[in-house]
Each structure stands twice: as structure tokens, then as C-alpha cells.
Amino acid sequence: MAPSDNGGRRHHRRGHGTRRALRREAPSTVALLADEADFAAMRRYTSFGFDDHRSYLRQAEGLLQDLAARELHTTVALFDPAEYAEYCADAGLDPDSPGSRTRYVAEVAAAGGTVPYTGQPVRDLLPELLRAVTRRATADTATGLLLRAGDCPDCGEDLGEAALRRAGLLLTRLLEAAGPGDHHLVCSVATRRGSLTAALSATVPAGADGSAGPPLAGEEEALVFGTVLAAGIATGGPAGLVMRTGADGRPDTLRGWALDDDGWLRPLSEAEVFAAYCTDVFTGEPVPPEHGVEYRGGFPLPRPEQEE
């Protein structure tokens with residue numbers, strides 16, 4: 001009687017099944033060339049086998065859908081050809097190699113500025129990805145400014161850390177005073193290398209008695225916003241903050257503040273807010289006010305020094 005190999009087949013099937021299970025737990029990363037210029041830059045590599053950007057994006061979308069169908073968690077990153085060439089030069093890698101591209105993509109994903117793939121079309125995914133990359137770059141620049149702020153010459157306190165605490169307090173006070181509603185905030189800080197801008201969408205819920213509840217906002221957005229505001233406080237550069245509020249079907253309200261020399265928000269007058277929004281920044285010519293929007297002065301925020 002011939003010996004049976006059923007045990008071997010069972011072992012093979014178990015091994016194949018466990019590998020599939022491990023594969024489902026191994027995250028994937030896909031990096032995309034967002035625009036035609038970046039795509040054209042990659043075509044100089046013979047190992048890059050695509051001729052048309054639209055076709056490339058369709059293939060990328062198909063890959064993302066296939067990974068999602070296999071229940072694989074997928075992170076999407078931005079592929080920057082100029083950064084890739086510099087990366088290969090620094091690491092001594094051949095840029096005309098799929099292996100080099102794979103290593104670069106892994107490095108990019110580890111650095112952040114990525115978005116998870118949740119089934120959204122690529123046409124919606126790309127703007128979301130670009131916003132994430134911009135947030136990451138803004139956060140890195142603002143963090144660098146805070147690190148270079150040094151220590152207070154009088155008390156020795158780390159100026160960057162102190163600015164972060166003050167920015168957190170400012171944001172909390174501002175949203176508490178704004179009250180229930182949906183608030184969209186934009187903070188702009190002028191630096192020697194250009195302007196830093198961060199946006200934050202926050203909802204302040206109304207309690208049963210009409211009072212304001214704890215603000216709700218995205219953690220990453222709030223972190224970047226607070227870091228940019230702190231950079232303005234630490235550097236003392238010109239900085240401002242505007243807030244657009246909508247609640248209960250009423251017209252949206254626009255308010256504004258400027259950062260003063262003491263690192264606190266000074267409310268702008270209604271005329272200053274109107275002038276800021278209704279003036280063309282390039283020509284200086286007046287532009288019509290936005291329909292259905294009310295322009296209001298900022299409200300004062302009590303300074304912690306006054307409370308003490």
C-alpha cells in the first residue's frame with residue numbers, strides 16, 4: 001500500500017493559509033505622481049513603464065481597489081521626482097530601478113504627509129493628498145522656527161515651548177468665546193522665507209442649556225494650526241487669524257484678529273475685517289463683499305496676565 005501524503009498536503013494548505021493571513025496584516029504603501037509635470041519627469045527612466053498620465057492614474061486606482069478588496073490597509077503618499085533624484089544621489093542608488101523607487105516610497109511614507117485609502121476615487125484622493133503634504137511641510141517649517149527660537153535671555157525658559165503653551169491657550173479661549181457653531185479658522189504668519197498658513201475646522205456643540213461644549217476638531221489639523229500660531233508668537237513676525245462661523249442657518253460671520261507684540265490676539269475692527277476681505281491683495285482695488293456673509297470685528301480675549 002502506497003504511503004499517503006495527506007498530512008503533507010494539509011500542512012501545505014495550512015502554510016498557504018497562514019501566509020495569506022500574514023499578507024492581510026502587512027500594510028501597503030502606494031506613491032502617486034500627482035500632476036503631468038511630475039509624470040513627465042519620471043518618463044526619462046526606462047524602467048518606468050508608463051506613457052500617459054491619465055492611463056497611469058487609472059492603473060493606480062485599479063491597484064488601490066485591488067488592495068482594498070484584499071482587505072489590505074493602504075497608505076497613499078506623494079511621489080516627488082526631484083526629491084527622488086536627490087534621495088538616490090545621497091544614498092548611492094540607481095534612480096532607474098524599481099527597487100530604488102520602492103525604497104524611496106518607504107522613506108516618504110515614514111516621514112508622514114500621507115493619507116489612508118478608503119475607497120475614494122483618485123480624483124478626490126489627489127487633492128486630499130496634496131493638502132496632507134502641505135500640512136506636513138508647514139508643520140516642519142513652523143517646528144524649525146520654534147526650535148531655533150532659543151531660550152529667554154531673562155528667565156532661561158525655552159521660547160518655543162512657551163509659545164506652544166500660549167498658542168494652545170489662545171485657541172482654547174477663542175473657541176470657547178466663539179460659542180456653539182461650526183468655525184473655520186485660518187492663521188497666517190509672515191517669516192523671512194515666506195508666509196506660513198494653517199487652517200482648522202472646529203465644531204463647538206451646544207449643550208442642553210445652550211452653553212458651549214468642548215470643541216471638536218481633527219487632531220492633526222489642530223496640531224499644525226497650533227504650531228503655526230506658536231511660530232508667530234515665538235518669532236514676533238506679523239501674524240493674523242480669521243474665523244468664519246456658521247450656525248443655525250444664519251448668515252456666516254467673518255471676524256479677525258492680529259497677533260500683538262505680547263503674543264496675544266488683538267481684535268480687528270469691523271472696518272479692518274471688511275477691508276481685509278474686500279480688497280484685492282495684488283492690485284489693492286476693492287472687490288465686492290461676499291453675498292450672505294456678515295463682517296464683524298473680533299471679540300477681545302482676556303489675557304492670562306490680567307486674570308492673574
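- Counting heavy atoms from C-beta on, the side chains of Val30 and Tyr117 never come closer than 4.5 Å.
- Side-chain atoms of Arg192 and Thr235 form no donor-acceptor pair, as typed in the model, at a separation below 3.5 Å.
- Closest heavy-atom contact between Phe274 and Pro289: CE1-CB, 3.9 Å.
- With Glu61 contributing its side chain and Val122 its backbone, the two residues share a donor-acceptor pair below 3.5 Å.
- Side chain of Thr74 to main chain of Leu72: a donor-acceptor pair is present (N/O by atom type, distance under 3.5 Å, no hydrogens or angles).
- Using modelled atom types, one finds a donor on one side chain and an acceptor on the other under 3.5 Å when comparing Asp96 with Thr46.
- The closest donor-acceptor contact from the side chain of Arg255 to the backbone of Tyr295 lies at 3.5 Å or more, if one exists at all.
- Among all heavy-atom pairs drawn from Leu268 and Ala258, the shortest one is CD2-CB, 4.0 Å.
- Judged by distance alone, the side chain of His53 and the main-chain N or O of Leu33 form a donor-acceptor pair under 3.5 Å.
- Counting only distance, with no hydrogens or angles, the side chain of Trp257 and the backbone of Phe299 share a donor-acceptor pair below 3.5 Å.
- When only modelled atom types and interatomic distance are considered, Ser100 and Asp94 share no side-chain donor-acceptor pair under 3.5 Å.
- Between Arg244 and Glu294 there is no salt bridge, since no side-chain nitrogen of the basic residue lies less than 4.0 Å from a carboxylate oxygen of the acidic one.
- A centroid separation of 6.0 Å or more is found between the aromatic rings of Phe50 and Tyr45.
- In terms of modelled atom types and a separation under 3.5 Å, the side chain of Arg44 and the main chain of Ala41 share a donor-acceptor contact.
- Thr227 places a side-chain heavy atom less than 4.5 Å from the side chain of Thr143.
- The pair Asp260-Arg266 fails the salt-bridge criterion, with no side-chain N (NZ, NE, NH1 or NH2) lying under 4.0 Å from an Asp/Glu carboxylate O.
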